[in-house]
Structure formats: C-alpha cells, structure tokens
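Presented below is the structure to which this report refers.
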Amino acid sequence: MSATTPRTHRFANGLRRALTSRLAAALTYPHGVDRYLEQFAPTASLTEVRAEVVAIRHQTDDSVTLSLRPNGNWQGFRAGQYVRLTVEIDGVRRTRCYSPANSVHATDGLIELTAKTHAGGFVSKFLKQRLTVGTTVGLSQAEGRFALPDARPARVLLISGGSGITPVMAMLRTLTDEGFAGPISFLHYSNAAKDQIYAAELAGIAAMFPNLQLLRGYAEPNQGGELEGLFCRAHLNAVPDFADAEAFLCGPPGMMKAVQKLWADEGIGERLHLEHFSAAPAVLADSANAEGDVRFIRSERLAQNSGATLLDQAEAAGLKPESGCRMGICHACTCRKASGRVRDIRTGEISDAGEADIQICISVPVGTVTLDL
Amino acid sequence: MTAIQNNTFSSLTPAQFAAIGADLDAIRNRVRTDLGQRDADYIHNIVKRQRQFEVAGRVMMMIPPTWPLGVAALSVSKILDNMEIGHNVMHGQYDWMGEPALNSKHFEWDSADTSKNWKITHNYEHHTFTNVLNKDHDIGYGLLRMSEDQKWEPRFLANIPLTVLLHTFFQHFVAVQNLKLEEVLVYKTKSTAQLKEEFKPVWAKLKKQLKKDYVYFPALAGPLAPLVLVGNAAANLARNVWACAVIFNGHFPEDVEQFPESVVENETRGQWYVRQLLGSANFSGGRLMHIMSGNLSFQIEHHLFPDLPAHRYAEIAPEVRAICEKHGLPYKTGSFLRQSISTWKRIAKLSLPSGRSGKVSQRAANEEALAPLAMAA
Ligand SMILES: Cc1cc2nc3c(=O)[nH]c(=O)nc-3n(C[C@H](O)[C@H](O)[C@H](O)COP(=O)(O)OP(=O)(O)OC[C@H]3O[C@@H](n4cnc5c(N)ncnc54)[C@H](O)[C@@H]3O)c2cc1C
Ligand code: FES
C-alpha cells in the first residue's frame with residue numbers, strides 16, 4: 001500500500017467528521033449539509049445511500065443488468081435481501097424493489113441488479129430503455145428477511161423462476177465464493193433458453209463447482225434443459241434428499257404456489273423460505289364499488305375500504321391525521337402511501353401502485369392501500 | 001374607497017359560477033397532467049442557484065472588498081429560498097416529484113417562521129379563506145387595519161408606521177403570526193400560559209436562525225465578525241422588505257375585494273375560484289421580477305392554483321385573463337409601483353375612522369349580510 005492511501009483516508013475521515021459536526025449542521029440550518037454537498041457531487045450524502053450507474057448490459061431481450069457503485073453509506077447486504085431503487089423518470093421519483101444478484105463478497109464494491117422488463121412496466125421499461133451510465137440513483141439499505149442464514153445450512157436447495165433468479169443467484173455466488181463444501185441443488189425455470197438470465201454465469205459456476213447440481217427447466221420444448229416443462233413433483237426425483245435441505249424459493253406466483261403446496265403437504269413448510277416479487281394485483285381502473293382494505297401501518301390499524309376519501313376513512317378508524325382545507329388546496333394532509341392505487345376525486349386520475357406522497361383528503365382507495373399513518 | 005358595491009360576486013348566477021369553475025378546472029387539469037421533467041429541471045436549477053448565491057454570499061462577506069457583493073448575493077439567496085423555493089414548495093407545488101427535499105411535508109425554509117405554522121396560517125387559513133374578514137389573518141396580520149369593515153380602534157392611527165415596522169421585521173411577524181398576539185395583548189381572549197406554550201417551537205427555530213446569522217457565521221470571520229453580522233442583518237432586512245412588499249401588492253391594492261364570513265358557508269368550487277380572483281392582484285414585470293417574487297407577481301393565478309408549480313403561472317395567465325373577460329370578471333394588474341402606491345394609499349386612509357365599521361361592529365355587519373356579498377374596500 002502506498003503512503004498516500006492512509007493520508008487520503010485520514011483526510012476523508014477528517015472531512016466527514018467536520019461535515020457531520022454540530023457546527024456544520026448549525027451553519028447549514030435548516031437545509032442540512034447534504035443539500036449543499038449534492039450540488040457538488042450528486043452521489044455525496046452524509047446519510048442517504050446513493051449510487052452511480054457504472055455499467056449497463058443486456059443479457060436478454062427483456063432484461064437489463066445494472067452495475068451500481070454505492071456511496072460510503074451503503075452497509076452491504078445479506079445474500080437474498082433486496083434494495084429499494086429510486087430513479088427519476090420525467091421529473092418524478094419512482095421506487096421499486098430489486099434484489100442484488102452479486103455475491104456479498106464481491107471485491108469490486110458494486111451492486112448488480114437485474115430487472116426483467118414487463119410490458120406495461122413503468123420502471124423496468126425505463127431501466128431497460130432510457131437509463132444511462134453515469135446517472136445517480138437512490139437506494140435504501142438492504143431489507144428483507146429472505147436471506148442466507150449466517151450459520152450456513154448443511155444442504156441448500158435453490159428454486160427460482162424467471163427474474164426470481166436474482167436473490168438466489170446472490171446466494172449461489174456467495175456460497176461458492178466462500179468455498180461452501182455442502183451440496184447445493186439449483187432448480188431454475190424459464191420460458192426458453194434465450195430468455196434465461198444468468199445462463200452463462202450458472203453454467204460457468206456449475207463447471208467449476210462439482211458440489212452444485214444445476215437443473216434447468218423450460219416451458220418451451222427442445223431447449224436442452226435437464227427438466228421438462230413447469231415445476232412438478234417428478235422434478236424432485238433428482239433431489240431425493242430435498243426434505244433435508246433449507247430451500248430458498250423465488251419466482252412467478254403460480255410456480256411459487258405449486259412449490260409451497262408440495263412443501264406443506266410434505267410437512268416441511270418451515271424449511272421453505274420465500275420471496276414474492278409481484279406487486280399487488282392491478283385493480284380495474286373503473287371500479288367504483290369499494291374493494292380491499294385500508295392499512296394504516298404506523299398505527300397498526302386495518303379498515304375495510306368504505307369507498308370514502310382516505311382522510312375520512314382514517315378518521316373513521318379513530319386516527320387523527322393532519323388536515324386543513326379538506327379540498328386539496330393546502331397539502332396539510334399529505335401522507336406517504338406505501339403501496340396501492342388511489343383515485344383523485346377531482347380528476348378521476350388513478351395513481352400507480354408504488355410508493356408516493358398523496359393528499360388523503362382527495363384520494364379514494366382503489367383496492368387495498370397501505371398508508372404510512 | 002367605495003362603499004358596498006352591488007358587485008361582481010353577488011351578480012353571478014349559480015350556472016355562471018359553475019361555468020367559471022369548469023373553465024378554470026380545465027386549465028388546472030391540463031397543467032397537472034403535463035407536469036414533468038421541465039418542471040423538475042426548473043426547480044432543481046433554482047435550488048442550485050440559491051445554494052450558489054448563498055455560499056458565494058457568505059464567503060464574499062468575509063472579504064472586505066467584496067462585502068457589498070456578498071450582501072447582495074446573500075439577499076438574493078434568502079429571497080429565492082423563501083419565495084420561489086420555500087413558499088412554493090410548502091404549497092406542495094412539487095410534491096408530485098416524490099423528492100423528500102422538495103416536499104411540502106418536510107421542507108423548512110431560511111426564515112424565522114416554522115414551516116408548520118406557516119402551512120396553517122398561509123396554506124390553510126389564508127388560501128382557503130382568502131380575504132374573508134376574521135378568517136384570513138393576512139388581512140392586516142392582527143396589527144393593521146386593512147379593510148373598512150374592520151372596526152376602527154385608536155391603535156390604527158399608527159397604521160403607516162406599523163406597516164413600515166411590519167416590512168422591517170417581516171420574518172419575525174410572520175413567525176409569531178400563528179400565535180395571534182392581538183388575542184392576548186388587545187382582546188384578552190387568549191391566556192399568556194397558552195401563548196407561552198405555543199411560542200416554544202417558534203422560539204426553538206428562531207434561536208437557530210439567530211445563532212446562524214448572528215453568532216456562528218460572524219465567529220467564523222474572526223476579526224471581521226462585525227462586518228459579517230451587519231451583512232447578514234442587511235440581507236435579512238432586504239428579504240423582509242421585499243417579501244412583505246410583494247405580498248401586500250398581491251392582496252391590498254385598493255381595488256382588491258374583501259368578503260364577509262358568510263360567503264364561505266356552502267361555497268361551491270366555482271364561488272371559491274371567483275373569490276380568489278376578486279381577492280388578488282397581479283403586478284407586471286420581466287422574468288427576473290417573476291422569479292424574485294416567487295411568481296407571486298401572478299398572485300391571481302397563484303390563488304386559483306396554489307399547488308401548480310409557480311413558474312407555470314406566466315404561461316397560463318393569458319388564458320385566465322381570457323376566462324375573466326369571457327365571464328365579465330375583473331383581472332387586476334398593474335406595475336409594481338402602481339400597485340404599491342395603491343396599497344399604501346389604502347393603508348393611509350384606513351388609519352382614520354372611516355367607512356361602515358366606524359359605526360357597526362364587524363360581527364354585526366356579518367350577521368346582517370344575508371346573501372354572500374363582497375365588499376369592495
Ligand atoms: C422484494 C422484491 C424484490 C424484487 N426483486 C426484483 C428483481 O431482482 N428483479 C426484477 O426484475 N424485479 C424484482 N422485483 C419486482 C420489481 O420491484 C417491480 O415490481 C418490477 O420491476 C415491475 O415494476 P414496473 O415499474 O416495471 O411495473 P409497474 O409499472 O409497477 O407495473 C406495470 C404492470 O406490471 C405488472 N407487474 C408489476 N410487477 C410485476 C411482476 N413482478 N411480475 C409480473 N407482473 C408485474 C403490474 O401488475 C402492472 O400491471 C422485486 C419485487 C419485490 C417486492
Ligand atoms: S386537507 Fe388540505 S389538501 Fe388535504
């Protein structure tokens with residue numbers, strides 16, 4: 001190591017201490033140090049995780065793989081966890097969850113995300129078609145309980161379908177990086193060989209690690225997979241000791257249901273760990289009759305959607321959210337929507353299902369809505 | 001000042017109110033669906049300029065030859081922070097961007113007033129009850145007599161010096177506005193204990209603002225501390241006077257109307273729109289004037305659409321004006337100077353006992369108003 005490295009390190013540490021000092025906070029009040037820092041370097045922040053897009057590649061026609069260099073606030077992740085990625089699209093910040101697919105031991109310090117593009121998918125299409133290298137994106141710290149246990153299980157079974165491969169790919173890469181000696185079985189399903197993401201990486205790892213049993217299934221015929229068609233009981237014939245394994249599952253809803261049922265029937269449900277990618281089902285835009293629930297997460301209350309405005313429903317549930325004009329002028333009632341669609345009673349416009357700030361006095365839930373209230 | 005006119009507001013039929021409402025809603029909906037990158041870029045750029053002016057101003061103030069430039073730059077920074085950024089962001093004009101730093105819930109401005117109190121007195125009370133006596137505290141800030149229908153009291157003889165005082169310490173008056181001091185000092189309807197409680201959060205913010213401008217930054221300048229202290233005071237003063245003048249021009253030129261409390265009962269959206277129109281006035285100017293006034297030079301458009309990004313007002317103003325002409329409504333505008341002179345004339349006249357309320361108490365006057373009548377002051 002050269003002599004300058006500890007010196008730059010000391011400088012960086014000193015700068016950080018100065019910027020996080022109470023004096024710095026007092027001098028930059030009320031906006032805070034970050035609001036000045038970001039004008040100089042877009043990824044700089046004292047508290048927020050932000051990342052620069054350093055590479056974009058297209059493994060298949062309907063997927064995109066991003067390499068992100070996070071700033072120093074990133075605390076790393078456990079293989080299997082996800083991050084909330086925030087991108088600005090046409091002036092609006094949109095947040096979606098993506099599971100890093102890289103090994104937790106990757107030495108390049110990058111986070112690798114792969115998104116499958118959905119036909120009407122707002123963010124995934126943007127990532128595929130419009131995102132450019134050099135863009136700054138927002139990240140959350142890693143979240144989620146779907147993760148490899150710190151005490152690695154003796155026997156590992158990974159099952160994924162489509163883009164659901166990402167979190168289990170992180171598990172596989174992490175285990176092989178660690179020189180994990182136990183047997184690993186990996187069942188992966190996709191439509192056709194040309195649509196399979198991480199196909200080359202999987203084949204490469206399988207060639208290097210004899211303890212990895214790789215079983216690929218394709219919905220379309222003649223794709224050269226080890227398995228035929230969709231997931232079924234017979235596919236587990238190749239994994240006779242599946243009941244002894246800790247199983248990690250992520251894929252499309254239908255496939256997940258089939259696997260879950262089998263594990264439940266076998267009475268080994270507690271050995272199956274799962275991650276759901278799919279958001280709340282889209283609700284018909286013209287549904288005037290109230291459906292679903294209103295979930296107030298902070299106050300831990302649940303109410304059946306009555307079709308009234310969220311402000312009225314919150315008050316009916318005994319909550320006291322801030323409000324003022326109750327007609328959409330003053331924004332006193334603005335509140336974070338964690339998920340679900342709402343209709344603006346003034347315009348009839350229906351929101352998207354992602355996280356957003358909404359004025360609850362003029363918002364009516366369309367299906368189940370979760371509010372940070 | 002004229003006495004009660006049989007004016008615009010009372011001469012409109014429900015169908016006309018509805019038609020006006022529909023025309024204005026159409027503008028609102030069109031702009032809302034058009035919001036996007038252009039608006040995000042605009043506000044990001046203004047924020048960047050504000051930060052640059054602020055940093056440059058604070059640095060230049062510590063170097064004697066550039067001191068005047070420093071004061072000018074910090075004044076510009078504070079004006080941008082409070083008006084084109086703070087006032088507009090706190091209206092929720094940029095909430096749709098989903099950016100926490102530009103969100104009406106979280107934004108705090110470089111002013112003595114807490115954003116929380118501001119959003120109550122301004123966004124809610126002033127914008128919902130614009131120019132409604134007793135409900136819109138911005139009518140005179142509890143300090144001045146700004147309407148013939150406000151009962152005259154001897155203290156209003158000082159209307160003019162008090163207005164000067166209000167301009168000078170505007171940020172501090174605004175900071176205590178939500179405390180409604182006159183209820184303690186003059187009308188004795190609020191206890192001092194309650195006032196003390198309400199003052200706590202205000203004082204917490206005030207302290208931080210004072211320390212920043214009058215302790216920490218001067219201290220950083222070492223021997224030049226007095227220079228920085230005076231410079232910061234000058235920048236705060238410049239912002240105070242300018243902000244107050246802009247706001248007064250928006251609501252108090254002589255032809256701007258005020259309304260009795262009864263108008264807001266069962267008010268329709270169309271009636272609300274018309275009240276906003278009649279209760280506001282624009283002033284003309286170039287692009288720089290609009291930016292530095294936070295686009296409150298388009299006070300009429302702002303009151304019609306308080307949560308549309310303010311830089312859009314210039315674009316929709318011709319349409320609003322056309323709608324006014326179509327429905328025979330006045331659209332009040334003039335030069336900055338003309339609106340200022342008109343405002344000060346109103347303030348001067350109202351310092352003397354005059355008008356109806358010299359005799360009738362405000363409440364009685366309101367109770368008498370059976371139909372929603374607007375009063376042209
Ligand atoms: C914990 C977690 C981890 C995730 N990790 C990944 C990941 O690593 N890679 C990845 O590609 N995605 C992942 N997702 C899904 C991702 O967050 C988005 O939901 C997805 O990219 C679609 O977003 P969008 O904005 O493109 O679609 P939207 O505009 O939100 O939705 C458009 C349409 O697509 C449908 N749709 C939305 N999501 C899905 C889906 N997953 N499957 C099928 N239809 C859908 C909607 O119902 C809607 O009709 C994860 C989700 C969760 C909850
Ligand atoms: S209460 Fe005023 S906007 Fe909702």
Side-chain angles (χ1 to χ4, degrees), chain A residues 21-40 42 45 47-48 86-95 130 138 321-337 344-349 351-352 354-359 361-362 372, chain B residues 25 28-29 32-33 35-44 47-48 50-52 54-55 58 81 90-101 103-105 107-111 114-116 119-120 122-125 127-129 205 208-209 211-212 215-217 220 269 272 305-307:
Chain A
S21 66
R22 278 170 58 185
L23 180 64
L27 292 176
T28 55
Y29 182 81
H31 303 309
V33 177
D34 271 359
R35 300 281 86 81
Y36 294 84
L37 271 186
E38 68 193 2
Q39 300 297 342
F40 297 97
S45 168
T47 52
E48 291 166 33
T86 302
V87 285
E88 187 184 307
I89 306 176
D90 300 329
V92 183
R93 290 192 180 197
R94 309 271 177 177
T95 302
R130 289 167 61 194
E322 274 177 59
S323 70
C325 66
R326 306 181 77 95
M327 57 191 281
I329 304 162
C330 72
H331 287 248
C333 64
T334 301
C335 163
R336 192 90 184 145
K337 164 172 74 75
D344 184 325
I345 55 172
R346 299 168 300 180
T347 61
E349 198 183 320
S351 74
D352 79 16
E355 260 185 64
D357 287 314
I358 57 166
Q359 290 163 272
C361 71
I362 45 100
D372 186 19
Chain B
D25 270 341
R28 181 176 193 282
N29 292 342
R32 284 233 42 115
T33 49
L35 294 181
Q37 199 64 52
R38 177 159 73 99
D39 307 272
D41 290 346
Y42 175 81
I43 193 66
H44 281 146
V47 169
K48 188 180 204 87
Q50 183 271 318
R51 305 287 193 255
Q52 288 169 337
E54 180 173 0
V55 173
R58 300 227 183 248
D81 179 283
M90 285 190 288
H91 262 297
Q93 293 181 359
Y94 298 96
D95 280 4
W96 56 272
M97 289 170 62
E99 184 168 334
N103 186 289
S104 59
K105 265 270 171 295
F107 191 87
E108 194 53 78
W109 55 355
D110 182 14
S111 163
T114 64
S115 59
K116 190 159 184 265
K119 282 180 279 187
I120 297 170
H122 182 82
N123 289 11
Y124 170 48
E125 295 180 358
H127 273 273
T128 311
F129 305 114
K205 171 140 198 223
K208 287 186 191 160
Q209 289 289 122
K211 276 191 194 160
K212 173 177 72 168
V215 180
Y216 297 134
F217 273 110
L220 276 188
R269 188 155 176 81
W272 180 83
F305 313 114
D307 62 356

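Keep in mind that the numbers below use all heavy atoms, side chains included, and drop hydrogens, waters and symmetry copies.
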> Given B:M97 and A:R93, is the side-chain contact (heavy atoms from CB on, under 4.5 Å) satisfied, shown in steps?
Replying inline: CA-CA 6 Å; B:M97 289 170 62; A:R93 290 192 180 197; 5.8 Å; no
> Would B:K205 and A:Y29 count as a side-chain contact (heavy atoms from CB on, under 4.5 Å) if you check the C-alpha gap in whole Å, the side-chain angles of each, and the deciding distance to 0.1 Å?
Replying inline: CA-CA 10 Å; B:K205 171 140 198 223; A:Y29 182 81; 3.5 Å; yes
> Between A:Q359 and chain B, which part of the residue has a heavy atom less than 4.5 Å away: side chain, backbone, both or neither?
Replying inline: side chain
> Using a cut-off of under 4.5 Å for heavy-atom pairs, which of A:I329, A:D344, A:T28 has the most such pairs with chain B?
Replying inline: A:I329
> In terms of heavy-atom proximity below 4.5 Å to chain A, should B:L220 be classed as side chain, backbone, both, or neither?
Replying inline: side chain
> Can you say whether A:I358 sits under 4.5 Å from chain B via the side chain, the backbone, both, or neither, judging by heavy atoms?
Replying inline: neither
> Picking from B:E99, B:K211, B:K116, which has the most non-hydrogen pairs under 4.5 angstrom with chain A?
Replying inline: B:E99
>> Heavy-atom cut-off 4.5 Å, strictly under: side chain, backbone, both or neither for B:Y94 against chain A?
In response: neither
> Do you know which of A:E88, A:E355, A:E349, A:R94 has the most heavy-atom pairs under 4.5 Å to chain B?
Replying inline: A:E88
>> Using heavy-atom distances under 4.5 Å, tell me whether B:R269 contacts chain A through its side chain, its backbone, both, or neither.
In response: side chain
> Which heavy atom of A:E322 sits nearest a heavy atom of A:A332, and at what distance?
Replying inline: CB-O, 3.5 Å
>> Tell me if the NZ atom of B:K212 is crowded by more than 12 foreign heavy atoms within 6.0 Å.
In response: yes
> Using non-hydrogen atoms only, which part of A:A356 is less than 4.5 Å away from chain B: side chain, backbone, both, or neither?
Replying inline: neither
> Which bit of B:Q52 is near chain A, if near means a heavy-atom gap under 4.5 Å: side chain, backbone, both or neither?
Replying inline: neither
>> Using every non-hydrogen atom in the two residues, find where B:A101 and B:F107 come nearest and quote the distance to one decimal.
In response: O-CD1, 3.4 Å
> Short question: side chain of B:K119, backbone of B:S104 - any donor-acceptor pair under 3.5 Å?
Replying inline: yes
> So which of A:I89, A:T334, A:L27 has the largest heavy-atom pair count under 4.5 angstrom toward chain B?
Replying inline: A:L27
> Looking at A:P30, A:G324, A:G328, A:S323, which has the largest count of heavy-atom pairs under 4.5 Å with chain B?
Replying inline: A:P30
> Got a salt bridge between B:D25 and B:R32, using NZ or NE/NH1/NH2 to carboxylate O under 4.0 Å?
Replying inline: no
> Of the non-hydrogen atoms in A:T86 and A:T95, which two are nearest, and what is the gap between them?
Replying inline: OG1-OG1, 3.0 Å
> Which heavy atom of B:L35 sits nearest a heavy atom of B:W96, and at what distance?
Replying inline: CD1-NE1, 3.5 Å
> Checking heavy atoms, do the side chain of B:V55, its backbone, both or neither come under 4.5 Å from chain A?
Replying inline: side chain
> Applying a criterion of heavy atom separation less than 4.5 Å, what residues of residues 31-38 of chain A form contacts with chain B?
Replying inline: A:H31, A:R35, A:Y36
>> To the closest 0.5 Å, what do you measure between CD (B:E125) and SG (A:C325)?
In response: 12.5 Å
> Any side-chain donor paired with an acceptor under 3.5 Å for B:H91 and A:H331?
Replying inline: no
>> For a side-chain contact (heavy atoms from CB on, under 4.5 Å) check, start with the C-alpha distance between B:K105 and A:R336, then their side-chain angles and the critical distance, and finish with the verdict.
In response: CA-CA 10 Å; B:K105 265 270 171 295; A:R336 192 90 184 145; over 6 Å; no
> If you take all heavy atoms of B:W109 and B:T114, which pair is closest and at what distance?
Replying inline: NE1-C, 4.4 Å
> If you count heavy-atom pairs under 4.5 Å with chain A, which of B:I43, B:D81, B:D39 comes out on top?
Replying inline: B:D81
